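Working notes, beginning with the structure itself.
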Protein chains: 2
Amino acid sequence: MAKTKLGRNESLVLEALRDASGAPRTAYQLLETLRPDGLKAPLQVYRALKSLSERHLVHRLESLNAYLACSCTHEESGEGGHALVFAICDACGTVREFADPALGERVKALSAESAFTPRFAATEIHGTCADCRAG
Amino acid sequence: MAKTKLGRNESLVLEALRDASGAPRTAYQLLETLRPDGLKAPLQVYRALKSLSERHLVHRLESLNAYLACSCTHEESGEGGHALVFAICDACGTVREFADPALGERVKALSAESAFTPRFAATEIHGTCADCRAG
DNA sequence: GACAGTAATGTTATTACATAACGGCCATGA
DNA sequence: TCATGGCCGTTATGTAATAACATTACTGTC
């Protein structure tokens, strides 16, 4: 299932996201960044992002339509799937990523109550980070 | 802060969402639905959705770019803000909405650990509902 | 009623995000 | 060799959301 090696475009996109370190980037921002490297069309970026997502190397932030290099060591792929948490600072835009087991358990419990079979869950918390609060 | 009464477009959009009962609708789907009622431009729908969101009568499902009539009685507006949970069936598209206090507490705790000040959090669980699993 | 102020609405155009459809290149192994 | 599959490139298009500006409807006041 998981493919073996990253292709050129995938490597470029992943590197660009890691350079951003904590700052999410939209697909079109990535495209601009990577134009000097020869990327020209949105689809090149989107394909790379899709592939990287499937390998759990990047995540999509749904509420921002943006992408983030994964900072967690996923010991995951467990049955219930992943339960990621993102703390998004609306002031400076940086994002911290967690993989919280307790929250994952709560998601499972809630799902069970509704006879719902979860496959994947993500929590996005919007607020203000410590640095921005300090000002 | 909260305005008094719904305008015509707001009422139309809210009604359309409630008619969908559990099924999320995109802004453009709503526009098509409401064309017979005289709506013509996306902005009319988006403005209504924004206003309704601020009143907590509808929610946006980030992972679907779609909107849902709120089914909860929000006794909320507490300090930490809301912590909503959506169980999204990827098979039939229906969505169940919860307001889970335990999960809200976990979000607060996680935030505190990172000196992050939360304002709003939403959890979207993708999976399969009981009906679809039964087939 | 006449008027000013404000909230709601309407219209056009544009930006931003994402995918469809098609074709080419090249490694590798039967 | 040549068929297969993975990766890559390009054009065109679909879908989601907002900017900018004009207009209409609903107040209260005099």
Side-chain angles (χ1 to χ4, degrees), chain A residues 1-17 20 23-55 57-68 88 90 93 95 122 124 126, chain B residues 1-17 20 23-55 57-68 88 90 93 95 122 124 126:
Chain A
M1 178 190 183
K3 288 166 293 182
T4 48
K5 203 160 153 288
L6 292 181
R8 167 183 158 79
N9 290 359
E10 291 158 356
S11 302
L12 285 171
V13 167
L14 182 56
E15 191 182 348
L17 276 175
R25 291 272 179 259
T26 70
Y28 280 71
Q29 284 172 342
L30 290 167
L31 178 57
E32 284 315 304
T33 302
L34 296 173
R35 243 179 232 290
D37 296 287
L39 268 66
K40 289 180 186 166
L43 197 45
Q44 297 174 286
V45 176
Y46 280 108
R47 273 202 281 239
L49 287 170
K50 184 181 179 200
S51 163
L52 292 168
S53 295
E54 286 167 355
R55 297 157 191 254
L57 295 173
V58 310
H59 300 297
R60 179 188 150 89
L61 290 167
E62 308 285 1
S63 63
L64 300 179
N65 292 333
Y67 301 83
L68 187 70
I88 304 167
D90 294 322
V95 177
E124 303 192 7
H126 284 263
Chain B
M1 175 189 183
K3 289 166 294 181
T4 48
K5 202 159 153 290
L6 292 181
R8 165 183 158 82
N9 290 359
E10 291 158 356
S11 301
L12 286 170
V13 168
L14 181 56
E15 191 182 350
L17 277 175
R25 290 274 178 259
T26 71
Y28 281 69
Q29 284 172 341
L30 289 168
L31 177 56
E32 284 314 305
T33 302
L34 295 174
R35 244 178 230 290
D37 297 287
L39 268 67
K40 288 180 188 168
L43 197 45
Q44 298 174 287
V45 175
Y46 280 107
R47 273 202 280 242
L49 287 170
K50 183 181 179 200
S51 164
L52 292 168
S53 295
E54 286 166 356
R55 298 159 191 251
L57 295 174
V58 312
H59 301 297
R60 179 191 149 88
L61 290 168
E62 309 284 3
S63 63
L64 300 179
N65 292 334
Y67 301 83
L68 187 70
I88 304 167
D90 294 322
V95 177
E124 303 191 7
H126 283 263

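Quantities reported herein were computed from a predicted structural model and do not represent experimental measurements. Chain letters run A, B, ... following the sequence lines, proteins first, then strands; residues in each count from 1.
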>> If we check side-chain contact (heavy atoms from CB on, under 4.5 Å) with B/Val58, which of these qualifies: B/Val13, B/Leu68, B/Leu52?
In response: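 When side-chain contact (heavy atoms from CB on, under 4.5 Å) is applied between B/Val58 and each of B/Val13, B/Leu68, B/Leu52, only B/Leu52 qualifies.
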> How would you list, by chain and number, every residue that makes a salt bridge (charged side-chain N to carboxylate O under 4.0 Å, His left out) with B/Arg47, sequence neighbours excluded?
Replying inline: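 Scan of B/Arg47 (salt bridge (charged side-chain N to carboxylate O under 4.0 Å, His left out), adjacent residues dropped) gives none.
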> Quick one: salt bridge (charged side-chain N to carboxylate O under 4.0 Å, His left out) partners of B/Glu15, sequence neighbours excluded?
Replying inline: none
In whole angstrom, give the distance that lies between atom [atom1] of [X] and atom [atom2] of [N].
X       : N      : atom1 : atom2 : answer
A/Glu10 : D/dG6  : CD    : P     : 13 Å
B/Glu54 : C/dA8  : CD    : P     : 11 Å
B/Leu52 : C/dT9  : CG    : P     : 10 Å
A/Leu39 : D/dC7  : CG    : C1'   : 13 Å
B/Glu62 : C/dA18 : CD    : P     : 12 Å
A/Leu49 : C/dA16 : CG    : C1'   : 15 Å
A/Lys5  : D/dC8  : NZ    : C1'   : 14 Å
A/Lys50 : D/dG6  : NZ    : P     : 13 Å

> Do A/Arg8 and A/Asp37 come close enough that some side-chain heavy atom pair is under 4.5 Å?
Replying inline: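 Side chain of A/Arg8 against side chain of A/Asp37, heavy atoms only: contact under 4.5 Å found.
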> Can you give one letter per nucleotide of nucleotides 10-24 of chain D, going 5' to 3': B for a protein heavy atom under 4.0 Å from the base, S for sugar-phosphate only, - for none?
Replying inline: BB----BBBBB----
> Step by step, would you call B/Leu57 with B/Leu17 a side-chain contact (heavy atoms from CB on, under 4.5 Å)?
Replying inline: CA-CA 10 Å; B/Leu57 295 174; B/Leu17 277 175; over 6 Å; no
>> To check you understand the geometry: which heavy-atom pair defines the closest contact between B/Pro42 and B/Tyr28, and what is its length?
In response: CG-OH, 3.4 Å
